[in-house]
K.L.:
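Structure below; questions to follow.
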Amino acid sequence: MSFFEIIDPVFGRYVLGNAPVKQLATGFDWVEGPVWFGDANCLLFSDIPNNRIMRWSPDTGVSTYRAPSHFANGQTRDREGRLITCEHGTRRVTRTELDGHITVIADQFDGKPLNSPNDVVVKSDGTIWFSDPHYGIMTNYEGFKAEQENPCVVYCFDPRDDSLTPMVTDMNCPNGLAFSADESQLYVADTGRMFEDDPQHMRVYPVADDNSVGEGAHFHKIAPGVSDGFRVDVDGNVWSSAADGVHCISPEGKLLGKILVPELVSNVCFGGRAKHELYITATTSLYRVTLVTNGLQTP
């Protein structure tokens, strides 16, 4: 059985023919938001409809990390190693401090509640960038059905002055996002408004040193499925979710190959001792595969 589909020979340098796509845990409803904690040798991920954050460790297996999680979705770590979480239920972004208490980063813009923060990344200057589509307030499945009061955009929170600024405003529903290695480019997936037939593709935006964002351009369209969540490796390749697994896309936007997964993939992250393992959240299960590349060495 082959776990990989090589489309460009370059992809063969990134995968091991004898490295399986291994199911680590299953029995969830819709898993998302994987984030690796190397200092604790564990992975956290969200089981959104069940309102909990799960923890997986090679030593102890799977356990519940936080319940209720306020329907947590995307997660990452900041430059001090603290957990940053997007919460659908409370329509906010939070930071879990090192002593365990929770600080609210953002829960409103222009005096109105956010929609349902979805995915989040932290830049090297400490700014927190997150997408705010409406998915978590459209039904009661991943949060609480509510009125949309703000547009669906990508925000930047600057902890130096507590400012919250819309950065990407030309998408129907921004979702996954990631910076290039030098942070001069921001990749954002537009997965379209719920129940609408909107374009679904990945775009790339130039980012200046002062964090101003220029005009975006088409980067790639996933098929089958959509680009929900993704991460970037040390060579600048984008590893994105898709309906048939994980797609590896070159910095030029060319599909290089696929990791085949038996469930619809929602998101990925790099982890392991050298960030050479790709952790995959896919519908009801968590998977892992060892690669011959490494994720960017950020928290």
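Please read these numbers as outputs of a predicted model, since none were measured by experiment.
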K.L.:
With rounding to the nearest 0.5 Å, note down the distance linking CG in L278 to OH in Y14.
P.N.:
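Those atoms lie 14.0 Å apart.
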
K.L.:
Just how far is it from atom NZ of K258 to atom OG of S2, taken to the nearest 0.5 Å?
P.N.:
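Interatomic distance, K258 NZ to S2 OG, rounded to 0.5 Å: 12.5 Å.
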
K.L.:
F179 and ring-ring contact (aromatic ring centres under 6.0 Å, His included): which partner among F230, Y187, W129?
P.N.:
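The option that passes is W129.
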
K.L.:
Give, for atom CD1 of I128 and atom CZ of F130, the distance between the pair rounded to the nearest 0.5 Å.
P.N.:
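Between atom CD1 of I128 and atom CZ of F130 there are 8.5 Å.
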
K.L.:
Using only atom types and a distance under 3.5 Å, with no angle test, would you say the side chain of N172 pairs donor to acceptor with the backbone of D198?
P.N.:
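No, because the side chain of N172 does not come within donor-acceptor range (under 3.5 Å) of the backbone of D198.
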
K.L.:
Heavy-atom distance under 4.5 Å between the side chains of N140 and K145, does that happen here?
P.N.:
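Touching, per the 4.5 Å side-chain cut-off.
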
K.L.:
Check whether the side chains of N211 and D125 place a donor and an acceptor atom closer than 3.5 Å, and report yes or no.
P.N.:
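Yes, D125 and N211 have a side-chain donor paired with an acceptor closer than 3.5 Å.
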
K.L.:
Ignoring hydrogens and geometry beyond distance, is a side-chain donor-acceptor pair present between T85 and E87 at under 3.5 Å?
P.N.:
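On atom types as modelled, these side chains do not qualify, holding no pair under 3.5 Å.
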
K.L.:
State the CG-CD distance between L114 and Q148, to the nearest 0.5 angstrom.
P.N.:
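Rounded to the nearest 0.5 Å, the CG-CD separation comes to 11.0 Å.
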
K.L.:
When clusters are formed by joining ILVMFWY residues with side-chain heavy atoms under 4.5 Å apart, either directly or through shared neighbours, do V10 and I6 land in the same one?
P.N.:
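V10 clusters together with I6.
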
K.L.:
Hey, does the side chain of N150 reach the backbone of N115 with a donor-acceptor pair shorter than 3.5 angstrom?
P.N.:
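No: the side chain of N150 does not pair with the backbone of N115.
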
K.L.:
Side chains of V121 and T76: closer than 4.5 Å at any heavy-atom pair?
P.N.:
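Side-chain contact under 4.5 Å: no.
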
K.L.:
What are the two closest non-hydrogen atoms of A242 and I222, and how far apart are they?
P.N.:
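For A242 and I222, the tightest heavy-atom pair comes out as CB-CG2, 3.6 Å.
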
K.L.:
Return yes if some donor-acceptor pair links the side-chain N/O of Q75 with the main-chain N/O of I84 below 3.5 Å, else return no.
P.N.:
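No, Q75 side chain to I84 backbone: no donor-acceptor pair under 3.5 Å.
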
K.L.:
What class does the angle between the rings of W239 and F270 fall in, given that below 30° is parallel, 30 to 60° is tilted and above 60° is perpendicular?
P.N.:
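Aromatic pair W239/F270 classed perpendicular.
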
K.L.:
Just by distance, do the side chain of S250 and the backbone of K254 share a donor-acceptor pair under 3.5 Å?
P.N.:
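Yes; at least one donor-acceptor contact below 3.5 Å.
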
K.L.:
Going hydrophobic residue to hydrophobic residue with side-chain gaps under 4.5 angstrom, can you get from V31 over to L264?
P.N.:
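No; tracing contacts between hydrophobic side chains, which count when under 4.5 Å, never links both residues.
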
K.L.:
Looking only at the side chains, is there a donor atom on one of D170 and Y205 sitting less than 3.5 Å from an acceptor on the other?
P.N.:
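Side chains of D170 and Y205: pair found under 3.5 Å.
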
K.L.:
What is the minimum heavy-atom distance between V122 and R79, and which atoms define it?
P.N.:
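It is O-NH2, 3.1 Å.
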
K.L.:
Should Y279 and F45 count as side-chain neighbours, where that means a heavy-atom distance under 4.5 Å?
P.N.:
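A side-chain contact under 4.5 Å is absent here.
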
K.L.:
Run the salt-bridge test on R82 and E80 with the 4.0 Å N-O cut-off and return the result as yes or no.
P.N.:
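Salt bridge flag = yes for E80 with R82.
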
K.L.:
Is there side-chain contact between V204 and L186, with at least one heavy-atom pair below 4.5 Å?
P.N.:
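No. Closest side-chain heavy atoms not under 4.5 Å.
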
K.L.:
Kindly indicate, with the supporting measurements, whether the criterion side-chain contact (heavy atoms from CB on, under 4.5 Å) is fulfilled by W36 and L44.
P.N.:
CA-CA 7 Å; W36 178 254; L44 299 184; over 6 Å; no

K.L.:
With salt bridge (Lys or Arg N to Asp or Glu O under 4.0 Å) as the test, would you mind laying out the steps for D190 and R203 before giving the verdict?
P.N.:
CA-CA 8 Å; D190 189 348; R203 293 174 62 80; over 6 Å; no

K.L.:
In the structure I gave you, are the side-chain heavy atoms of L16 and V292 within less than 4.5 Å of one another anywhere?
P.N.:
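Yes, side chains in contact.
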
K.L.:
Judged by atom type as modelled, is there a donor-acceptor pair below 3.5 Å linking the side chain of D8 to the main-chain atoms of F11?
P.N.:
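Judged by distance alone, no pair lies under 3.5 Å.
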
K.L.:
Any link between F3 and V268 through a network of hydrophobic side chains (Ile, Leu, Val, Met, Phe, Trp, Tyr) touching at under 4.5 Å?
P.N.:
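Shared cluster, yes.
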
K.L.:
Decide yes or no on salt bridge (Lys or Arg N to Asp or Glu O under 4.0 Å) for D39 and R77, but give the supporting numbers first.
P.N.:
CA-CA 12 Å; D39 45 354; R77 300 180 77 182; 3.0 Å; yes

K.L.:
Establish, from distance only, whether the side-chain atoms of S46 and R52 form a donor-acceptor pair under 3.5 Å.
P.N.:
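Result is no, nothing qualifies.
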
K.L.:
Side chains of N118 and Y135 only: does a donor on one sit below 3.5 Å from an acceptor on the other?
P.N.:
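No.
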
K.L.:
Any chance you could lay out the side-chain contact (heavy atoms from CB on, under 4.5 Å) test for V35 and C269, step after step, and finish with the verdict?
P.N.:
CA-CA 6 Å; V35 54; C269 80; 5.5 Å; no

K.L.:
Taking only Lys NZ, Arg NE, NH1 and NH2, and the carboxylate oxygens of Asp or Glu, determine whether D107 and R91 approach each other closer than 4.0 Å.
P.N.:
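Here D107 does not pair with R91 in a salt bridge, since their nearest N and O are not under 4.0 Å apart.
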
K.L.:
Mind checking whether L164 and I105 sit in one hydrophobic cluster, side chains of I, L, V, M, F, W, Y counted as touching below 4.5 Å?
P.N.:
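They do share one cluster, since a chain of ILVMFWY contacts under 4.5 Å joins L164 to I105.
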
K.L.:
Give, for atom OG of S240 and atom CZ of R231, the distance between the pair rounded to the nearest 0.5 Å.
P.N.:
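These two atoms lie 10.5 Å from each other.
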
K.L.:
Counting only heavy atoms not in D182, do more than 12 fall under 6.0 Å of its CG?
P.N.:
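Atom CG in D182 is crowded, with more than 12 foreign heavy atoms closer than 6.0 Å.
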
K.L.:
Listed by chain and number, what are the salt bridge (Lys or Arg N to Asp or Glu O under 4.0 Å) partners of R288, not counting sequence neighbours?
P.N.:
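R288 satisfies salt bridge (Lys or Arg N to Asp or Glu O under 4.0 Å) with no other residue.
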
K.L.:
Which atoms form the tightest heavy-atom contact between E149 and P113, and what is the distance?
P.N.:
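Looking at all heavy atoms of both residues, the shortest contact is OE2-CG, 3.4 Å.
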
K.L.:
Could you check T96 against R66 for side chain to side chain donor-acceptor pair (under 3.5 Å), going step by step and ending with a plain yes or no?
P.N.:
CA-CA 11 Å; T96 302; R66 178 180 296 165; 2.9 Å; yes

K.L.:
If only atom types and distance count, is the side chain of N267 paired as donor or acceptor with the main-chain N or O of T281 below 3.5 Å?
P.N.:
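Judged by distance alone, no pair lies under 3.5 Å.
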
K.L.:
Taking atom types as modelled, find out whether E183 and S124 have a side-chain donor-acceptor pair closer than 3.5 angstrom.
P.N.:
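S124 and E183 do have a side-chain donor-acceptor pair below 3.5 Å.
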
K.L.:
Can you give me the closest heavy-atom contact between C156 and M167, atom names plus distance?
P.N.:
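Minimum heavy-atom separation between C156 and M167: CB-CG, 3.4 Å.
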
K.L.:
Please list every donor-acceptor pair under 3.5 Å in which a side-chain atom of residues 22-30 meets a protein atom from a residue at least two apart or in another chain.
P.N.:
from : atom 1 : to   : atom 2 : distance (Å)
Q23  : NE2    : S285 : OG     : 3.1
Q23  : NE2    : Y287 : OH     : 3.4
T26  : OG1    : T284 : O      : 3.3
T26  : OG1    : S285 : OG     : 2.6
D29  : OD2    : N50  : ND2    : 3.3

K.L.:
Is there a side-chain contact between M54 and T64, using heavy atoms and a 4.5 Å cut-off?
P.N.:
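Result yes, sub-4.5 Å side-chain heavy-atom pair found.
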
K.L.:
Compute whether any side-chain donor of one residue and acceptor of the other, for D228 and S241, lie under 3.5 angstrom apart.
P.N.:
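The criterion, which ignores hydrogens and geometry beyond distance, is not satisfied for S241 and D228.
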
K.L.:
Would you sort out whether V21 and I259 count as a side-chain contact (heavy atoms from CB on, under 4.5 Å), showing the intermediate values?
P.N.:
CA-CA 8 Å; V21 175; I259 302 171; 3.6 Å; yes

K.L.:
Taking T191's backbone N and O only, do any of them form a donor-acceptor pair with Q200's side chain (distance below 3.5 Å, no angle check)?
P.N.:
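Here the side-chain-to-backbone pair exists.
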
K.L.:
If you look at every heavy atom in P251 and N237, which pair is closest and at what distance?
P.N.:
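Scanning both residues completely, I find the closest heavy atoms to be CD-OD1, 3.5 Å.
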
K.L.:
Calculate, to the nearest 0.5 Å, the distance between atoms OG and CD1 belonging to S227 and I249 respectively.
P.N.:
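Output value for this atom pair is 6.0 Å.
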
K.L.:
Using 30° and 60° as the class limits, which term best fits the ring planes of F109 and Y155: parallel, tilted or perpendicular?
P.N.:
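Ring orientation of F109 relative to Y155: tilted.
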
K.L.:
Quick one: are W56 and L286 in side-chain contact, heavy atoms under 4.5 Å?
P.N.:
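Yes, at least one pair of side-chain atoms sits under 4.5 Å.
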
K.L.:
Going by heavy atoms in the side chains, are M194 and H134 under 4.5 Å from each other?
P.N.:
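With C-beta onward as the side chain, the pair touches.
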
K.L.:
Which residue pairs pass the ring pair (Phe, Tyr, Trp, His ring centres under 6.0 Å) test when at least one of the two sits in residues 59-106, sequence neighbours left out?
P.N.:
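Non-adjacent pairs meeting ring pair (Phe, Tyr, Trp, His ring centres under 6.0 Å): F71-F144.
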
K.L.:
Stepwise, does the side-chain contact (heavy atoms from CB on, under 4.5 Å) test hold for E277 with T290?
P.N.:
CA-CA 4 Å; E277 297 170 339; T290 299; 4.0 Å; yes

K.L.:
Taking all atoms of both residues into account, what is the closest heavy-atom pair of S57 and C42, and its distance?
P.N.:
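The answer is CB-CB, 4.2 Å.
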
K.L.:
Any link between V153 and V188 through a network of hydrophobic side chains (Ile, Leu, Val, Met, Phe, Trp, Tyr) touching at under 4.5 Å?
P.N.:
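As far as the 4.5 Å side-chain criterion goes, V188 and V153 are not connected within one cluster.
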
